[in-house]
Amino acid sequence: MTTKSVAKRRDISSPVMAALFIAIGAIVIWDTTTYTDADSYVFPRTIAIVMIGLSVLLTIQWFLGWKPSADDPGATVDKSIPRRVLLVIAMIGAALAMPYLGFLIAGLIAFAAIMLIAMYDPWTPYRLAVYPIAGAIIVIGFYMLFSHVLQVPLPEGTMVTLPF
Amino acid sequence: MAAFENLVAAFSPLNLLLALGGVIAGTVIGSLPGLTATMAVAVLVPITFSMEPASALILMGAIYTGAIYGGAYSAILLNTPGTPSAIATTFDGYPMAKNGDGDLAVTLACIASVVGGLVGATFLLILAPPLASVALAFGPVEYFWLAIFGLSLIAALSEGNLVKALMGGCLGLLLSAIGVAEVSADIRLTFGSQVLVGGIETVSALIGLYCVPVLIDLVATPDKHLKVTTETKGIRLPEALAISWRGKFNLIRSSVIGTLVGILPGAGGSIAGLVAYSEARRTAKNQDEFGKGAPDGVQATESANNATVGGGFIPTLVLGIPGTPPDAVILGALLVQGVKVGPNLFTSESSIVYTFIYGLFLATILMLPTGLIIGRYAYRSIIAIPKAILVPTVAFMTLIGTYAIRNSVSDVVIMVILGAIGWVLGRFGFSASPIVLGLILGSIAEQGFVQAWTIGAATENLTGMFFGRPISLAIIAMIVISLLGPSIVKLFAGRNANADGEEKQ
């Protein structure tokens with residue numbers, strides 16, 4: 001009895017996720033009402049209905065105390081959340097900055113920022129000298145590979161102009 | 001004569017270079033724990049977009065096969081599988097390393113991987129063409145059922161809760177519907193956003209869903225990704241060759257098991273390795289040595305997981321249904337190139353397929369010298385890469401790679417956001433693979449369904465249209481098998497793995 005209640009309490013994520021998926025399904029069904037052609041709405045609407053049905057099934061499983069294996073979200077709480085969030089922000093920031101700063105500068109800034117986010121060791125003089133140089137070589141190397149060898153038109157940037 | 005031309009094309013200097021570079025890059029990435037073969041292919045795939053399709057396939061196949069082998073290094077030397085495919089390699093590889101035979105185990109793994117890779121590629125060469133001629137008889141209904149068959153793989157891909165996996169699959173299907181509808185040109189699920197009108201680009205979504213969650217987890221802890229714990233003495237090739245010759249039946253049997261598991265859609269290298277390991281143990285005379293450093297265990301796992309590469313390409317190329325998760329990425333890349341994967345590929349563009357298959361042989365053979373050299377000299381420098389360099393490098397590669405697909409900043413933003421969503425969903429037991437499968441198979445399923453529906457409605461025989469044709473019925477039977485079969489295989493492999501784990505303790 002006790003084990004069962006602990007399992008239910010720990011797996012509170014299942015009904016929450018089921019509710020989220022039901023909400024997504026409902027939004028999709030609402031969106032399909034605006035389409036003009038039956039060919040457009042029959043497929044997404046069917047899938048949304050199936051997804052809502054599966055979400056209900058997941059909730060029923062949870063009510064019955066059935067606990068799936070190996071998906072306990074509580075296992076990672078002791079790890080750094082800020083660094084995770086900062087990583088995502090740095091990557092999105094780099095993407096949004098590309099049209100203004102150009103791909104190379106946005107990439108260099110993002111690389112430096114992510115290096116700081118991933119750095120747990122103390123900054124020794126050796127690391128201070130070598131890591132930024134290694135980063136610059138990697139970023140410039142890939143930039144050259146894509147822009148000059150593979151001929152990908154990487155964004156040049158409206159605020160900063162590069163000589164190459 | 002055409003076969004000879006394709007053979008010559010596969011051995012062109014460019015393709016030789018690509019196969020060699022692919023194997024090296026794959027081995028290096030695969031040897032780093034946390035970076036899987038799927039991720040290796042996903043990160044490097046944009047480099048292939050400017051290439052000829054056959055060369056692109058050779059490069060991706062080489063990366064894939066190298067990454068599967070690379071996973072053995074850290075499995076043997078650190079007891080940490082570099083890729084999930086190498087899980088069973090730890091059972092005997094690490095005890096061998098502890099006994100001072102780590103170098104021998106690495107060489108054995110390399111030989112076994114080459115044998116497995118060659119057997120898998122041979123099956124691909126022999127089995128794929130006749131299967132393709134059968135698949136040519138398919139109409140829209142059959143393609144619809146094929147797509148559903150692909151989606152039924154969710155059962156095989158799901159590691160936790162089947163319902164959650166199916167929900168993820170539905171989410172993937174809905175993601176594929178975003179943007180302009182193919183049939184009627186209605187704009188769907190964009191909610192007024194211009195960013196979403198172009199739809200979600202498959203490969204960038206794959207890069208986000210497979211790579212970003214790994215990066216998010218890497219930055220979360222100060223743990224070193226690895227440490228060197230054993231000294232290596234040399235290659236010990238003659239000794240390894242002698243052991244491999246003695247274990248030749250084990251090698252061939254494990255390779256055939258690996259190929260068959262690879263063909264079984266959705267079941268990848270990790271399941272192949274576990275099944276082959278338990279089979280090798282069951283039939284061995286020296287059962288007591290398994291788990292304590294038996295070379296047979298390393299040989300069985302490593303030959304089986306590399307055989308899944310060739311095996312997995314069979315459904316990928318013939319039916320357009322990925323046999324393993326890295327095949328899903330490769331399939332997405334081929335769609336970007338405009339190559340329509342399916343039975344017609346073997347008649348209309350046979351030169352691409354055969355050049356690739358010979359290229360896969362080439363890459364596998366090249367794995368022998370490169371694998372041995374990397375195992376001997378480069379491994380220490382690979383694992384010495386600090387996390388503060390590794391994480392930004394991979395992050396930067398995802399950014400530039402995603403942008404290069406269709407020169408779109410929106411795709412990059414969508415990639416990162418999908419990656420973050422994928423990480424959150426992963427925390428709650430929703431793995432990325434079902435979402436990816438839904439995304440890839442969405443358009444095939446929708447087109448087949450709508451066409452079959454239209455024909456069925458016009459002839460007033462909807463039931464007969466969907467359930468009355470013999471090939472459809474055969475595919476429906478396969479759907480049932482794929483839903484039930486892998487669970488039985490997993491159960492079987494898991495039971496043996498547990499027994500082995502208990503014995504180790």
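Below, chain A is the first sequence line, B the second, and so on; all start at residue 1.
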Taking side chain as everything from C-beta outward and backbone as N, CA, C, O, which of these in [X] sits under 4.5 Å from a heavy atom of chain B? Side chain, backbone, both or neither.
X: A/Ile52; answer: neither
X: A/Tyr131; answer: both
X: A/Phe103; answer: side chain

Note to self: Check B/Asp217 with A/Arg84, please: is the shortest side-chain N to carboxylate O separation under 4.0 Å?
What the structure shows: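 Salt bridge present between A/Arg84 and B/Asp217.
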Notebook entry, point to check: Do the ring planes of A/Trp30 and B/Phe191 sit parallel (below 30°), tilted (30 to 60°) or perpendicular (above 60°)?
Noted result: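 If you compare the ring of A/Trp30 with that of B/Phe191, the planes turn out parallel.
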Next item on the list: Mind ranking B/Leu173, B/Val412, B/Ile216 by heavy-atom pairs under 4.5 Å with chain A and telling me who comes out on top?
Entry: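 Among B/Leu173, B/Val412, B/Ile216, the one with the most close pairs to chain A is B/Ile216.
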Note to self: Counting only non-hydrogen atoms closer than 4.5 Å, does B/Leu215 touch chain A with its backbone (N, CA, C, O), its side chain (CB onward), both, or neither?
What the structure shows: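 The answer is both parts of B/Leu215.
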Taking every non-hydrogen pair under 4.5 Å, which of [options] racks up the most with chain B?
options: A/Ala94, A/Ala90, A/Ser55; answer: A/Ser55
options: A/Ala113, A/Pro99, A/Pro155; answer: A/Pro155
options: A/Ile27, A/Ile138, A/Val152, A/Thr36; answer: A/Thr36

Checklist line | Inter- and intrachain pairs under side-chain hydrogen bond (donor to acceptor under 3.5 Å, both in side chains), touching residues 41-52 of chain A, at least two apart | finding: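 Every side-chain hydrogen bond (donor to acceptor under 3.5 Å, both in side chains) pair that includes a residue of residues 41-52 of chain A, provided the two are not neighbours, is A/Thr32-A/Arg45.
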Notebook entry, point to check: Among residues 391-398 of chain B, which residues come closer than 4.5 Å to chain A, judged by heavy atom distances?
Noted result: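 Near chain A, by residue number: B/Val391, B/Pro392, B/Thr393, B/Ala395, B/Phe396, B/Met397, B/Thr398.
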